[in-house]
Amino acid sequence: MMSICNSDECPGLGQFAGRRAEPDRGRGDQDQQAATVGDPKLAAGAAAKQAEEHFEVITFSDADAEVFVQASRDAGWAGVAEINAEFAEKLRPLFSH
């Protein structure tokens with residue numbers, strides 16, 4: 001599993017504590033990302049922009065990836081439970097792996 005993180009915001013990840021996902025910016029980012037995969041020139045430009053913005057690729061081991069994903073799921077469902085604990089309890093088994 002790989003993730004992109006701004007090195008100014010998360011230097012070391014410290015057991016992934018306190019991390020939160022960026023808000024969804026819509027299809028535009030996904031379309032641009034898909035376009036760069038097949039075009040080396042666009043990919044090089046994207047890599048240069050990421051370096052300029054101090055983003056770095058972090059590669060997780062399989063074990064660390066599982067911890068990170070589970071912590072993300074738990075945090076998300078905790079937010080749902082804060083809104084409505086009864087619905088969270090009913091819905092989580094339908095969506096979680």
Side-chain angles (χ1 to χ4, degrees):
M1 176 178 170
M2 295 174 71
S3 181
I4 298 178
C5 179
N6 182 309
S7 60
D8 293 336
E9 295 174 5
C10 49
L13 271 159
Q15 279 302 308
F16 320 116
R19 299 289 67 119
R20 47 181 217 176
E22 288 273 325
D24 185 7
R25 296 184 205 162
R27 276 294 300 168
D29 287 347
Q30 293 172 358
D31 292 340
Q32 183 179 5
Q33 184 179 24
T36 62
V37 170
D39 186 332
K41 189 174 182 180
L42 285 175
K49 180 163 177 52
Q50 290 171 2
E52 182 180 294
E53 296 291 329
H54 305 286
F55 281 79
E56 62 182 276
V57 175
I58 301 169
T59 303
F60 293 96
S61 68
D62 289 344
D64 285 346
E66 183 58 36
V67 169
F68 184 78
V69 169
Q70 190 59 52
S72 298
R73 287 183 181 141
D74 291 345
W77 283 107
V80 174
E82 285 179 17
I83 296 167
N84 189 316
E86 182 183 344
F87 283 143
E89 186 177 329
K90 290 178 182 178
L91 290 174
R92 186 170 183 166
L94 301 173
F95 290 95
S96 297
H97 300 276

### Task
Please check if Phe87 and Phe95 belong to a single hydrophobic cluster, counting links between Ile, Leu, Val, Met, Phe, Trp and Tyr side chain heavy atoms closer than 4.5 Å.
yes

## Note on the structure
Asp64 and Phe60 have their tightest heavy-atom pair at CB-CD2, 4.0 Å

### Message
Applying salt bridge (charged side-chain N to carboxylate O under 4.0 Å, His left out), can you list everything that pairs with Lys90, at least two apart in sequence or on another chain?
### Response
Glu86

### Query
Residues two or more places apart in sequence or in another chain: which of them pass side-chain contact (heavy atoms from CB on, under 4.5 Å) with Ala88?
Trp77, Val80, Ala81

### Message
Using the side-chain hydrogen bond (donor to acceptor under 3.5 Å, both in side chains) criterion, which residues pair with Asp74? Sequence neighbours excluded.
### Response
Gln70, Arg92

